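Report on the following structure.
If you're wondering where the values come from, they're calculated on a predicted model, not measured in any experiment. In the text below, chain A, chain B and the rest are named by the order of the sequence lines, each starting its count at 1.
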Amino acid sequence: MRLSKSLIPTLKETPAEAQIASHRLMLRAGMIRQMASGIYAWLPTGLRVLSKISQIVREEQDAIGAQELLMPTIQSADLWRESGRYDAYGKEMLRITDRHDRELLYGPTNEEMITAIVRDSTKSYRDLPQLAYHIQWKFRDEVRPRFGVLRGREFLMKDSYSFDLDYEGAVAVYKKTMLSYMRTFQRIGITAIPMRADTGQIGGDLSHEFHILAPTGESGVFYDAAFEAGDAIGVTDVDAFYDQVTTIYAATDEKHDTAVWDEIPEDRRREGRGIEVGQIFYFGKKYSEAMGFAVTGPDGQKIYPEMGSYGIGVSRLVGAIIEARHDEAGIIWPDAVAPFRAAILNLRQGDAVTDALCERLYAALGADALYDDREERAGAKFAEADLMGHPWQIIVGPRGAANGQVELKRRATGERFELSVEEALAKVQG
RNA sequence: CGGGGCGUGGCGCAGCCUGGUAGCGCGCUUGUUUUGGGUACAAGAGGCCCCCGGUUCGAAUCCGGGCGCCCCGACCA
């Protein structure tokens, strides 16, 4: 993308409403604009990040056999009356009526809907288990939206739902999902820690929250340093991984147990702050029974499926990643989710040599590069590249360009390399 | 939902107390300048002062009502 022609409205000064780092930086980097309290438009760079995160989430869901589908955002009130949650959910649910005065709602979650869909299309125990997910916009009418995208009212979430014949099956999916989540966060490039959690609105008796470590996190977290060295990607034994991950100590301040804490060797104790970016639940037959969903078993008896639901806050992750990775100058994107892998900074726009060199780099890098081809001072280009946080900056100035050299800067470390075009490309693409 | 604050060009703000019809910085446009860390000078463009009503000869300013947004707390993917 050529910056001179892009809709990337960066801001030199911070809008008054933004208090927290990720909110400030997302506005200043031109990723989002607020359209109403807790409701944001995602501009091109913001959307690119959202899409990259979604894609990683999608790949990891597919890898555990979850099937992607897409349910509507608007749901019928009647559906929620079946589970009894229409009255239970309270003011967080946005309720609307259509022209015929039919009661509808903008979905805050989809347990009822997926249960109805699976109920109406599976009749035999042979049709189970089922595991399905979608990545879809949700709406929860928060009393007090804040922190930008971290607590918006409209947010993008990956939610998946499982239906199993028995408890063992349900717990197996739960464990598999736990592993897939740890892989997902690791691939994104952040440390996430699973912690035992309450089940809240969803109900049930087994649940974990996933927290990203960030100094500005909303909850205090206590954990064993073993999490920092954890590797989920190479894991093949799901059960062993689950046992290991759930026995290492980790708790939010609400559930912190000082007795257990004191038994952990002192050099492994870590205290920090966390942002919740996901939660998984096993809740048994809560919805299948309430909504009359049973399949016929091998012996002709009804079996009410054991269910679970699993969420990752995709839009919240964008803010959470920034909270975890930024400095004075701006965002520091992990390679995997950066809107652009590299920025090409033309320090002398209009100079035949630097222009030609930049065009060559841009042609080689394609869509994953942002070419700063504006008529701007070098300083402005540096400042904006740091703000937007591209993992690599390829700096093309008249000094080096004359002998085919460019400067490559790594945003995360500040390292700089004087390289030939080929070497720079190899490094960026490698 | 309790408490506090704010609403004035795209962004950040001043002006309001002590009514006289709007100003500063940044950004934007044009020219010159500068050319490796948000350059300097000059000339421009751009405002229903959140909305409605009231007081007044006259309202951004005072009064009433409404709407929007932010912060703290309780609540939450």
Side-chain angles (χ1 to χ4, degrees), chain A residues 9-20 23-24 27-28 30 33-39 57 89-93 107-111 135-160 181 192 197-202 207-212 218-219 252 254 274-281 309-320 328-330 345-351 354 372 374-387 393 395-401 405-407 409 414 416 418:
Chain A
T10 56
L11 263 24
K12 217 164 165 178
E13 284 169 288
T14 305
E17 77 263 18
Q19 298 296 318
I20 197 167
H23 191 194
R24 285 200 302 267
L27 287 168
R28 288 195 51 213
R33 283 295 181 266
Q34 182 173 135
M35 296 292 109
S37 178
I39 298 177
V57 169
Y89 214 94
K91 289 188 153 181
E92 264 198 4
M93 184 154 74
T109 179
N110 288 61
E111 278 82 9
I135 298 173
Q136 182 226 31
W137 291 94
K138 303 288 188 292
F139 194 93
R140 293 185 192 171
D141 200 359
E142 293 281 344
V143 218
R144 190 184 157 208
R146 60 183 129 172
F147 306 144
V149 119
L150 287 177
R151 182 173 314 292
R153 292 192 292 174
E154 187 183 51
F155 58 96
L156 187 65
M157 176 163 128
K158 185 287 301 178
D159 41 325
S160 46
Y181 276 26
D198 290 321
T199 51
Q201 289 277 20
I202 310 281
S207 180
H208 283 87
E209 287 177 353
F210 296 80
H211 286 257
I212 279 189
E218 288 187 74
S219 28
T252 58
E254 297 165 345
I275 300 171
E276 187 189 337
V277 292
Q279 187 165 8
I280 57 180
F281 303 87
S309 70
Y310 320 88
I312 290 181
V314 175
S315 50
R316 172 179 281 190
L317 260 170
V318 179
E328 292 290 292
L345 309 189
N346 188 340
L347 299 193
R348 183 84 56 93
Q349 198 67 40
D351 176 89
T354 59
D372 191 344
R374 298 169 306 160
E375 302 280 351
E376 279 290 347
R377 293 271 310 184
K381 295 194 177 190
F382 290 134
E384 284 207 3
D386 285 348
L387 206 214
Q393 293 171 20
I395 299 158
V396 184
R399 269 193 332 229
Q405 295 284 112
V406 298
E407 183 179 324
K409 177 182 164 186
R416 292 156 185 278
E418 287 285 339

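- At B:rG36, none of the side-chain N or O atoms of A:Lys381 fall inside 4.0 Å of OP1 or OP2 (strictly under the cut-off).
- Each of A:Met35 and A:Gly278 was matched to the nucleotide of RNA chain B holding its nearest heavy atom; the match closer to the 5' end belongs to A:Met35.
- Nucleotide B:rC69 forms a pair with B:rG5, judged by Watson-Crick or G-U wobble geometry with both contacts under 3.5 Å.
- Distance noted for atom P between B:rG12 and B:rG19: 29 Å (whole Å).
- Note on A:Lys158: nothing from the nucleic acid sits closer than 4.0 angstrom, heavy atoms only.
- Between B:rG15 and B:rU32, the two P atoms lie 40 Å apart (nearest whole Å).
- If you check B:rA60 for Watson-Crick or wobble pairing at under 3.5 angstrom, you find it has no partner at all.
- An OP1 or OP2 oxygen of B:rG2 is reached within less than 4.0 angstrom by no side-chain nitrogen or oxygen of A:Arg144.
- When the P atom is compared between B:rA22 and B:rC51, the two are found 16 Å apart, to the nearest whole Å.
- Side-chain contact check for A:Asp372 versus A:Gln349: every heavy-atom pair is 4.5 Å or farther apart.
- Rounded to an integer number of Å, the gap from CZ of A:Arg146 to C1' of B:rC72 is 8 Å.
- You'll find the side chain of A:Glu92 reaches within 4.5 Å of the side chain of A:Glu142, heavy atoms only.
- When rounded to the nearest whole Å, the span between CD of A:Gln19 and P of B:rC6 equals 14 Å.
- Contact annotation: the side chain of A:Glu154 never approaches that of A:Met35 to less than 4.5 Å [non-hydrogen atoms, C-beta and beyond].
- With hydrogens and angles ignored, no donor-acceptor pair under 3.5 angstrom links the side chain of A:Glu376 to the base of B:rG38.
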* To do: Start with the C-alpha distance between A:Glu328 and A:Asp386, add both sets of side-chain angles, then the distance that settles side-chain contact (heavy atoms from CB on, under 4.5 Å), and finish with yes or no.
  => CA-CA 9 Å; A:Glu328 292 290 292; A:Asp386 285 348; over 6 Å; no
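- A distance of about 15 Å separates the P atoms of B:rU55 and B:rU61, rounded to the whole Å.
- If you check every strand for non-hydrogen atoms under 4.0 Å, A:Gly311 touches nothing.
- The nucleotide B:rG38 finds no pairing partner, because no Watson-Crick or G-U wobble arrangement with both distances shorter than 3.5 Å includes it.
- Side-chain proximity of A:Ala380 to B:rA74, B:rG38, B:rC69: nearest is B:rG38.
- A:Leu11 comes within contact range of no nucleotide atom at all, as no heavy-atom separation falls under 4.0 Å.
- Place A:Ala378 and A:Leu150 on RNA chain B by their nearest nucleotides, and A:Ala378 ends up nearer the 5' end.
- For A:Thr14 and B:rG12, the shortest distance from a side-chain N or O to OP1 or OP2 is not below 4.0 Å.
- Rounded to whole Å, the separation between the P atoms of B:rA40 and B:rG47 comes to 27 Å.
- In this structure B:rU33 sits in no base pair that meets the Watson-Crick or G-U test at under 3.5 Å.
- Residue A:Gly319 is classed as having no contact, given no heavy-atom separation below 4.0 Å to the nucleic acid.
- Taking atom CZ on A:Phe147 and atom P on B:rC70, their separation rounds to 12 Å, with Å as the unit.
- Comparing the same atom, P, in B:rC24 and in B:rA43 gives a spacing of 12 Å after rounding to whole Å.
- Put simply, CD on A:Glu142 is 15 Å from C1' on B:rG73, counting in whole angstrom units.
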* Asked: Which is it for A:Arg33 and A:Leu27 under the side-chain contact (heavy atoms from CB on, under 4.5 Å) test, yes or no, and what are the steps along the way?
  -> CA-CA 6 Å; A:Arg33 283 295 181 266; A:Leu27 287 168; 4.1 Å; yes
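- Here A:Arg28 lies in heavy-atom contact (under 4.0 Å) with a base.
- Proximity of A:Gln34 to the phosphate of B:rG68: no side-chain N or O atom is located under 4.0 Å from OP1 or OP2.
- Which of B:rC1, B:rC70, B:rG37 sits closest to the side chain of A:Lys409 comes down to B:rG37.
- Between A:Met157 and A:Ile312, every side-chain heavy-atom pair lies at or beyond the 4.5 Å cut-off.
- At a threshold of 4.5 Å between non-hydrogen side-chain atoms, the residues A:Thr14 and A:Arg28 count as touching.
- Rounded to an integer number of Å, the gap from A:Asp351 CG to B:rG36 P is 12 Å.
- Between the side chain of A:Glu13 and the base of B:rG27 there is no donor-acceptor pair of N/O atoms closer than 3.5 Å.
- The shortest distance between the side-chain N/O atoms of A:Lys12 and the OP1/OP2 oxygens of B:rG38 is not below 4.0 Å.
- With both ends at atom C1', the span from B:rA45 to B:rG36 equals 32 Å, rounded to whole Å.
- Side chain A:Arg416 to base B:rG37: a donor-acceptor pair is found below 3.5 Å.
- Using a 4.0 Å heavy-atom cutoff across all strands shown, A:Asp159 reaches no nucleic acid atom at all.
- Ion pairing of A:Glu376 with A:Lys381 is absent here, as no side-chain N (NZ or NE/NH1/NH2) approaches a carboxylate O to less than 4.0 Å.
- What separates CZ of A:Arg153 from C1' of B:rC70 is a distance of 14 Å, to the nearest Å.
- Between B:rC72 and B:rC63, the two P atoms lie 29 Å apart (nearest whole Å).
- Remark: P of B:rC41 and CZ of A:Arg377 are 13 Å apart, rounded to the nearest angstrom.
- Using a 4.0 Å heavy-atom criterion, one finds that A:Ala36 contacts the sugar-phosphate atoms exclusively.
- As judged by a 4.0 angstrom heavy-atom cut-off over every strand, A:Lys91 is placed among residues touching the sugar-phosphate backbone only.
- Across the protein-nucleic acid pair, A:Glu218 atom CD and B:rA74 atom P stand 11 Å apart, rounded to whole Å.
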